[in-house]
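To keep things clear, I will list the structure first and then write my remarks on it.
The analysis underlying the following values was restricted to heavy atoms, covering all of them including side chains, and did not include hydrogens, waters or symmetry mates. Every chain is numbered from 1 and lettered A, B, ... according to where its sequence line falls, protein lines coming before strand lines.
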Amino acid sequence: MMTDSVLRDRFFKKYHGQEIENCIQCGMCSGSCPLAPHMDFGPRQLFAMAREGDMNEVLHANTIWLCVSCYNCVVKCPRGISITDHMYSLKKMATEVGIKPPKMLHLYRSFNAPVEKNGRLTDVMAMAGYGLRHPGAAMANVPLGLKMLSRKRLELKPASVKNIDGFQRVLKKAKELERVS
Amino acid sequence: MKYGFFPGCSYKGAAGYKESTEAVSRLLGIELVEIQDWNCCGATSYWSTQSIEAYVLPARIMALAEKQGLSEIVNVCNACYSTLRKAQEKLAQDNDLNEKVNLALAEEGLKYTGNLNIRHLMEVIVNDLNADDIKKHIKKDLSGFVVAPYYGCQLNRPWADIDDAHYPVLMDRLIEMVGAKPLKNYSAKTECCGAAHMVAHKDLCMPLNNRIVKDAVSKSAQTICTLCPLCQFNVDASQYKSGLPMVPVIFFTQMMGLAFGLSEKDLKLQKLLTPFKLAV
Ligand code: SF4
Ligand code: SF4
């Protein structure tokens, strides 16, 4: 397990988290966040904790995974802090330190896998991947799925880019660069 | 007028978005040239999990457009729109990242310079056309049709440079231009629908959607008008078996098509989950 101070340093330097030093703790972000009532800590408190170096607690908070990228906080923040981007960074850091994957990480992975393979996504493909891990959620969506089917709304064939070799070479190179950075 | 066009993954499967966009663009003389061999933009899922791939995906789309000689990319999805813009903005600020992204793209012989305008079709129609270019196609009187303009999140936010961040009006203007009535005091117009969280956290996102619907219904809107496949899907599907009063959720291109006298069938309004009835 990485120590709090190493993690804080990593967040501030590699992930440009230093910007949160400018936070004046006004709470506009938490006040405008649609899912703040369900978060362990709102964004304001999360940043206070990160600044103080409580990084393990920050990375285990559900806050980062409940962020829906609505950018409500960003347009309200009087200090121009790119709050949503910091949530992205913290999600990546949480994944790096190996937290127990929350539902949203499973969902992101179910979304990324067909994109990596085919370059494009259909809702059916993403849902199928997620449904394997969370059959409850998949089952709950069956009536809706049938309704969509009756409306001819489901694309059952996987979509793909044509130059799939080229596309995959590009992604492979990106992954290599990601590893060394 | 000719534009590069990025349909994105959810356009084709969205309830009549494709059919209505094609019909309306044809009438307005807007030529949408599809970017050849485009890929998924990655959106929130990649921003949340990958540092370089998250930029490579949108950059490949933009590089393909550049290769086709296109200088503007028109989007029909808020998430695609904001993803392309976000990538463009960061790549302009970060040389090291830009270099890495281009190294990856070179594997396919592509190059990204970023010399492009990223647009959304709704904003293109309002900003690039004269009101008369639109009005001259009106065949049906929609003056009794009250439309709640629902903008969702990622069109005006985070930049807030094409419209007001807190109370956007571009789509309100479009509704007026086609002769319908925009719901003036629709305070839920920029609330979040929960996006992909609707899949994993439905219980938390349902109240968000209920508010978007209730605010429209209680103020007597006859439809909610959207400009993003994910918003449309969530706000529409959240009403399914909810037991609450329902209101159809259509795309702005379907609303325009109705005014231009296209049939409900041409606009594929039967694909909506909440049934559409034009009672003007
Ligand atoms: S709105 Fe900005 S300054 Fe205020 S608490 Fe949130 S991050 Fe800090
Ligand atoms: S972007 Fe995330 S943190 Fe900010 S208001 Fe939206 S959900 Fe909350």
Side-chain angles (χ1 to χ4, degrees), chain A residues 34-35 38 66 68-72 74-76 82 84-85 87-88 91-92 95 102-109 111-112 115-116 119-123 126-127 130 134 137 140-141 143-144 147-148 151-155 159 161-163 166-167 169-178 181, chain B residues 9-10 12-15 36-40 42-57 60 79 82 100-101 103-110 153-154 156-158 160 165-166 190-192 194-197 199-202 204-205 208 233 237 240-241 270-273:
Chain A
L35 291 182
H38 309 286
L66 285 187
V68 286
S69 306
C70 71
Y71 293 98
N72 245 328
V74 176
V75 294
K76 296 244 163 61
S82 38
T84 318
D85 288 355
M87 295 294 176
Y88 292 138
K91 281 189 248 196
K92 287 182 278 189
T95 310
K103 284 200 269 184
M104 281 313 293
L105 185 53
H106 286 151
L107 185 66
Y108 293 145
R109 285 176 176 161
F111 178 104
N112 295 3
V115 174
E116 272 184 36
R120 288 187 195 176
L121 183 77
T122 63
D123 305 339
M127 278 308 289
Y130 184 71
H134 297 275
N141 280 315
L144 185 61
K147 180 102 174 170
M148 301 261 298
R151 297 275 199 274
K152 300 195 175 58
R153 292 268 303 277
L154 295 185
E155 275 188 75
V161 302
K162 280 187 218 78
N163 184 11
F167 175 80
R169 276 201 311 276
V170 169
L171 272 201
K172 191 167 157 241
K173 185 77 186 173
K175 273 190 204 307
E176 263 171 51
L177 292 164
E178 184 121 23
S181 75
Chain B
C9 297
S10 43
K12 227 172 95 203
Q36 279 160 31
D37 215 30
W38 56 266
N39 53 272
C40 170
T44 307
S45 190
Y46 270 84
W47 294 130
S48 302
T49 51
Q50 303 290 338
S51 294
I52 294 179
E53 283 170 76
Y55 291 97
V56 166
L57 290 175
R60 180 177 181 272
S82 76
K100 284 180 180 148
V101 163
L103 263 176
L105 292 177
E107 293 285 318
E108 203 184 344
L110 292 170
C153 298
Q154 299 190 358
N156 303 312
R157 296 194 297 259
H166 310 290
T190 57
E191 303 264 306
C192 175
H197 279 63
V199 178
H201 296 286
K202 194 172 170 199
L204 308 185
C205 296
L208 308 180
F233 180 75
Y240 183 59
K241 296 199 164 151
Q270 76 277 10
K271 287 200 171 193
L272 304 177
L273 298 168

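Between Thr95(A) and Thr49(B), the closest side-chain pair of non-hydrogen atoms is not below 4.5 Å. Here the side chains of Arg120(A) and Trp38(B) are in contact, with some heavy-atom distance below 4.5 Å. Inter-residue side-chain proximity for Leu57(B) and Val115(A) is flagged as met; some heavy-atom pair is nearer than 4.5 Å. Side-chain contact between His38(A) and His201(B) is absent, with no heavy atoms from C-beta onward closer than 4.5 Å.
Distance alone, capped at 3.5 Å, is enough to place a donor-acceptor pair between the Gln154(B) side chain and the Ser69(A) backbone. In this structure, Glu178(A) contributes its side chain and Ile52(B) its backbone to a donor-acceptor pair below 3.5 Å. Arg169(A) contributes no side-chain N or O that, together with a main-chain N or O of Glu108(B), makes up a donor-acceptor pair within less than 3.5 Å. A donor-acceptor distance shorter than 3.5 angstrom exists from the side chain of Asp37(B) to the backbone of Lys162(A), with no hydrogens or angles considered.
Interface residue Ala165(B): only side-chain heavy atoms are found under 4.5 Å from chain A. Proximity to chain A is limited to the backbone of Ala14(B), based on heavy atoms less than 4.5 angstrom apart. Looking at Tyr55(B), neither its backbone nor its side chain comes within 4.5 Å of chain A, counting heavy atoms on both sides. For chain A, the nearby part of Leu208(B) is the side chain; its heavy atoms alone come within less than 4.5 Å. In this structure, chain B has heavy atoms under 4.5 Å from both the backbone and the side chain of Val161(A). In this structure, chain A has a heavy atom under 4.5 Å from the side chain of Tyr240(B), while its backbone stays farther away.
Chain B forms the most heavy-atom pairs under 4.5 Å with one residue out of Glu176(A), Lys172(A), Glu116(A), and that residue is Glu116(A). When Lys202(B), Lys241(B), Glu107(B), Gln270(B) are compared by the number of non-hydrogen pairs under 4.5 Å with chain A, Glu107(B) comes out ahead.
Atom CG of Asn72(A) and atom CZ of Arg157(B) lie 4.0 Å apart (nearest 0.5 Å). The OG1 atom of Thr44(B) lies 13.5 Å from the CE atom of Met87(A); values are rounded to the nearest 0.5 Å. From Ser45(B), atom OG reaches atom CE of Met104(A) across 7.5 Å, with rounding to the nearest 0.5 Å. Annotation: the span from Leu171(A) atom CG to Arg60(B) atom CZ amounts to 9.0 Å, rounded to 0.5 Å. Atom OG of Ser51(B) is separated from atom CG of Leu177(A) by 12.0 Å, given to the nearest 0.5 angstrom. Of the inter-residue distances, the one linking Ser48(B) atom OG with Leu105(A) atom CG reads 9.0 Å to the nearest 0.5 angstrom.
Checking Cys153(B), Pro158(B), Cys192(B) one by one against Tyr71(A), the side chain to side chain contact (heavy atoms under 4.5 Å, CB included) holds for a single residue, Pro158(B).
In plain terms, the two heavy atoms of Trp47(B) and Tyr88(A) that are nearest each other are O-CB, 3.4 Å. Here the shortest heavy-atom pairing between Gln50(B) and Lys92(A) reads O-NZ, 3.7 Å.
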